[in-house]
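Here's the structure, in structure tokens; my notes come after.
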Amino acid sequence: MINVNTLTRKAREMQAQLVEWRRHLHMHPELSFNEIQTSAFVKSILEKHKISYTDGWVKTGIVATIGKIDSQQVVALRGDMDALPIHEQNKCDYVSKNEGVMHACGHDVHTTCALGAAVLLKEIEQELEGKIIIVFQPGEEVLPGGASLMLKEGALGNPLPKAIFGLHVFPEMEVGNLGFREGEYMASSDEIYLTVKGKGGHAAMRKQYNNPLLIASKILIALENAFSEENTAKHTTKPTVLAFGKIEGKGATNVIPDTVEIAGTFRAIDEKWRAHAHEMINEITQKIARENAAEVIVDIRKGYPALTNHVALTQFAKKTASELWGANCVKELDLRMTAEDFAYYSQQMPACFFRLGTRNESKGITSPVHTATFDVDEEALVIGAGTMAWLAFQNLRSKI
């Protein structure tokens with residue numbers, strides 16, 4: 001019978017293999033929804049270990065199955081596969097070979113941990129009290145998010161799993177640790193695009209133009225005031241972010257443009273407030289445009305929803321991880337205003353999204369995700385793969 005000691009020993013014995021897989025993936029990153037070679041590599045490992053799978057989900061997605069194929073008792077694990085359009089600046093032997101593309105968010109680690117968990121679970125398949133599916137998901141980094149499309153295509157089956165677990169690298173946390181948070185954890189993420197239409201002309205002829213740059217500045221100031229901490233507190237007690245990072249008016253020193261483009265992001269934890277805030281953004285923007293004899297097009301593109309970890313499932317995961325690696329390795333996480341498409345799973349089934357410590361200051365591994373020098377301490381691979389496997393194995397046996 002498999003136990004904690006046996007599982008951790010088996011996971012540690014896999015370390016060299018996990019490192020090899022991760023470095024291969026890191027050297028061959030692919031952008032969202034184009035993970036063709038990545039998908040082929042994952043399938044080659046599954047086939048080598050005689051793990052059955054279906055593929056072609058959202059083009060490159062894969063769902064591996066271990067255990068009792070016809071069982072209605074199902075637990076899911078998720079590993080995302082896509083990389084980012086970043087030119088890697090690391091000097092390691094496994095630096096990206098694909099110019100301008102890099103695994104700067106750790107999805108090479110996530111895929112490796114999911115593969116490792118699959119191999120570990122295959123070894124103890126006869127002891128599984130149900131079925132475990134491992135979801136290798138494309139396109140986490142861009143809208144509409146591979147998770148939403150995998151669900152739409154029915155990749156996770158019917159009925160849906162009773163629980164799903166996913167992990168994410170966490171360079172703020174030292175390797176050897178795992179982070180969990182019950183309940184609300186990550187924000188929704190919407191893209192805001194405003195097109196302000198005035199009237200252009202020669203800058204010297206003030207009566208002949210209606211400067212959209214000035215109107216845009218009034219809109220930005222009004223929105224900043226409306227969404228200040230003091231004012232948002234009237235609507236929600238939970239954190240909110242409205243920030244604009246781009247304003248572009250293609251004029252010149254003496255040329256007033258006809259239009260100005262503004263782009264930003266809106267993030268919230270409270271979904272009801274999120275919907276109301278969208279209405280506020282539109283109303284405030286349109287009001288200022290009317291007052292200044294201008295026109296504005298408001299384009300709010302809904303992104304990922306807020307991510308909520310199932311409380312009982314997360315409590316179970318913390319306890320299980322503590323049994324595996326020790327209670328001192330399990331940390332409490334703070335609320336985050338970043339977003340994740342794993343949130344779509346959390347809307348459909350009990351979900352637990354946790355963090356894998358990858359930092360090692362003594363080795364100089366400290367760079368944040370989404371940077372050109374991001375890397376991980378590969379000791380984390382054993383912890384990630386072992387934790388995913390043990391969570392799935394134990395959850396099949398639980399009533400949670």
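Numbers here simply count residues along the sequence, with the first being 1.
- Residues Thr60 and Phe136 have side chains not in contact (no heavy-atom distance under 4.5 Å, counting atoms from C-beta outward).
- Counting only distance, with no hydrogens or angles, the side chain of Asp299 and the backbone of Ile192 share no donor-acceptor pair below 3.5 Å.
- Side-chain atoms of Asn211 come within 3.5 Å of backbone atoms of Leu213 as a donor-acceptor pair (strictly under, hydrogens ignored).
- Using modelled atom types and a 3.5 Å distance limit, the side chains of Asn395 and Ser398 yield a donor-acceptor pair.
- Side-chain atoms of Asp341 come within 3.5 Å of backbone N or O of Gly146 as a donor-acceptor pair.
- Between Asp190 and Lys302 there is no salt bridge, since none of the side-chain N atoms of the basic residue sits less than 4.0 Å from a carboxylate O of the acidic one.
- Other residues, nucleotides and ligands place more than 12 heavy atoms under 6.0 Å from the CG atom of Asn254.
- A salt bridge is absent between Lys68 and Asp70; no separation between the charged side-chain nitrogens and carboxylate oxygens falls under 4.0 Å.
- Under 3.5 Å, the side chains of Glu30 and Thr38 contain a donor-acceptor pair of N or O atoms.
- Counting only heavy atoms from C-beta outward, the side chains of Leu156 and Val63 never approach each other to under 4.5 Å.
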Using the side-chain contact (heavy atoms from CB on, under 4.5 Å) rule, take Leu84 and His370 through it: C-alpha gap first, then chi angles, then the decisive distance, then the call. CA-CA 8 Å; Leu84 289 163; His370 290 222; 3.5 Å; yes
Does Lys287 form a salt bridge (Lys or Arg N to Asp or Glu O under 4.0 Å) with Glu283? I'd like the steps, not just the answer. CA-CA 6 Å; Lys287 179 175 182 293; Glu283 290 171 1; over 6 Å; no
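- In this structure, Glu35 contributes its side chain and Phe33 its backbone to a donor-acceptor pair below 3.5 Å.
- Each of Leu77 and Leu307 belongs to its own hydrophobic cluster when Ile, Leu, Val, Met, Phe, Trp and Tyr are linked at side-chain heavy-atom distances under 4.5 angstrom.
- Residues Leu31 and Met27 fall into different hydrophobic clusters, defined by Ile, Leu, Val, Met, Phe, Trp and Tyr side chains chained together at heavy-atom separations under 4.5 Å.
- Ile300 has its side chain out of reach of Glu191: every pair of non-hydrogen atoms, C-beta onward, lies at least 4.5 Å apart.
- A distance-only check finds no donor-acceptor pair linking the side chain of His107 to the backbone of His110 [under 3.5 Å].
- Under the 3.5 Å distance criterion, the side-chain polar atoms of Ser52 are matched with a main-chain donor or acceptor of Thr65.
- No donor-acceptor pair closer than 3.5 Å links the side chain of Thr285 to the backbone N or O of Asn282.
- Test Arg355, Lys318, Arg181 against Glu332 for salt bridge (charged side-chain N to carboxylate O under 4.0 Å, His left out) and you get one pass: Lys318.
- By the 30° and 60° cut-offs, the orientation of the rings of Phe227 relative to Trp273 is tilted.
- His278 and Phe266 have perpendicular rings, their planes meeting at more than 60° on a 0 to 90° scale where under 30° would count as parallel.
- Look at Glu47 and Lys43 and you find no salt bridge, because none of the NZ, NE, NH1 or NH2 atoms lies under 4.0 Å from a carboxylate O.
- Here Glu13 does not pair with Lys10 in a salt bridge; the nearest charged N to carboxylate O distance is not below 4.0 Å.
- Aromatic ring pairs are classed by plane angle as parallel below 30°, tilted from 30° to 60° and perpendicular above 60°; the pair His235 and His276 is tilted.
- Scanning for side chain to side chain donor-acceptor pair (under 3.5 Å) contacts around Lys250 gives an empty result, with sequence neighbours left out.
- Both Ile45 and Ile132 are part of a single hydrophobic cluster, where members link through side-chain heavy atoms under 4.5 Å apart.
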side-chain contact (heavy atoms from CB on, under 4.5 Å) for Lys218 and Ile221? Distances and angles first, verdict last. CA-CA 5 Å; Lys218 293 178 182 179; Ile221 291 170; 5.9 Å; no
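- Under the 4.5 Å side-chain criterion, counting only non-hydrogen atoms from C-beta, Glu140 is in contact with Tyr304.
- The cluster map of Ile, Leu, Val, Met, Phe, Trp and Tyr, joined by side-chain heavy atoms under 4.5 Å apart, puts Val135 and Val58 in the same cluster.
- A donor and an acceptor atom, one from each side chain of His26 and Glu88, are located under 3.5 Å apart.
- Residues Val369 and Pro171 are in side-chain contact: their nearest non-hydrogen atoms beyond the backbone lie under 4.5 Å apart.
- Counting heavy-atom neighbours within 6.0 Å of Glu271 CD, excluding the residue itself, gives a total above 12.
- When side chains are defined from C-beta on, Glu141 counts as touching Cys105, because their heavy atoms get closer than 4.5 Å.
- A donor and an acceptor atom, one from each side chain of Ser367 and Thr373, are located under 3.5 Å apart.
- With a 6.0 Å radius and a threshold of 12 heavy atoms from other residues, nucleotides or ligands, Lys97 has its NZ atom at or below the threshold.
- Under the side-chain contact (heavy atoms from CB on, under 4.5 Å) test applied with Phe354, the options Thr314, Asn309, Leu391 reduce to a single match, Leu391.
- Under the 4.5 Å side-chain heavy-atom criterion for Ile, Leu, Val, Met, Phe, Trp and Tyr, Leu143 and Met81 are members of distinct hydrophobic clusters.
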Test side chain to side chain donor-acceptor pair (under 3.5 Å) on Gln15 and Arg12 and set out the steps. CA-CA 5 Å; Gln15 183 171 11; Arg12 294 191 190 285; over 6 Å; no
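- Using modelled atom types, one finds a donor on one side chain and an acceptor on the other under 3.5 Å when comparing Tyr345 with Gln137.
- At least one side-chain heavy atom of Arg301 sits under 4.5 Å from a side-chain heavy atom of Tyr193.
- Minimum interatomic distance between Pro138 and Gly61 (heavy atoms only, all atoms of both residues): CD-CA, 3.8 Å.
- Taking all atoms of both residues into account, the shortest heavy-atom contact from Ser148 to Pro144 is OG-O, 2.9 Å.
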Scan the side chains in residues 194-206 for donor-acceptor partners under 3.5 Å anywhere in the protein, sequence neighbours excluded, and list what turns up.
residue: Thr195; atom: OG1; partner: Glu261; partner atom: OE1; Å: 2.9
residue: His202; atom: ND1; partner: Ala204; partner atom: N; Å: 3.0

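- A donor-acceptor pair shorter than 3.5 Å can be found between the side chains of Ser362 and Asn360.
- When all heavy atoms of Pro161 and Ile133 are compared, the closest pair comes out as CG-CD1, 3.9 Å.
- Minimum interatomic distance between Thr8 and Trp325 (heavy atoms only, all atoms of both residues): CG2-CZ3, 3.8 Å.
- Side-chain contact between Ile66 and Ile134 is present, with at least one heavy-atom pair separated by less than 4.5 Å.
- A donor-acceptor contact shorter than 3.5 Å links the side chain of Thr232 to the backbone of Glu229.
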Report the C-alpha distance between His87 and Met102 in whole Å, list the side-chain angles of each, state the deciding distance to 0.1 Å, and finish with yes or no for side-chain contact (heavy atoms from CB on, under 4.5 Å). CA-CA 6 Å; His87 178 75; Met102 177 189 173; over 6 Å; no
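- Between Val330 and Ser322 the shortest heavy-atom distance is CG2-OG, 3.4 Å.
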Could you check Arg78 against Asp80 for salt bridge (Lys or Arg N to Asp or Glu O under 4.0 Å), going step by step and ending with a plain yes or no? CA-CA 7 Å; Arg78 179 268 214 160; Asp80 39 0; 3.5 Å; yes
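- Defined by atom type and a distance below 3.5 Å, a donor-acceptor pair is missing between the side-chain atoms of Trp390 and Thr320.
- Nearest heavy-atom pair across Ala317 and Phe180 is CB-CE2, 3.7 Å.
- A side-chain N or O of Gln315 and one of Glu182 form a donor-acceptor pair less than 3.5 Å apart.
- Here the options are Arg23, Arg22, Arg359, the test is salt bridge (charged side-chain N to carboxylate O under 4.0 Å, His left out), and the partner is Asp375; only Arg22 passes.
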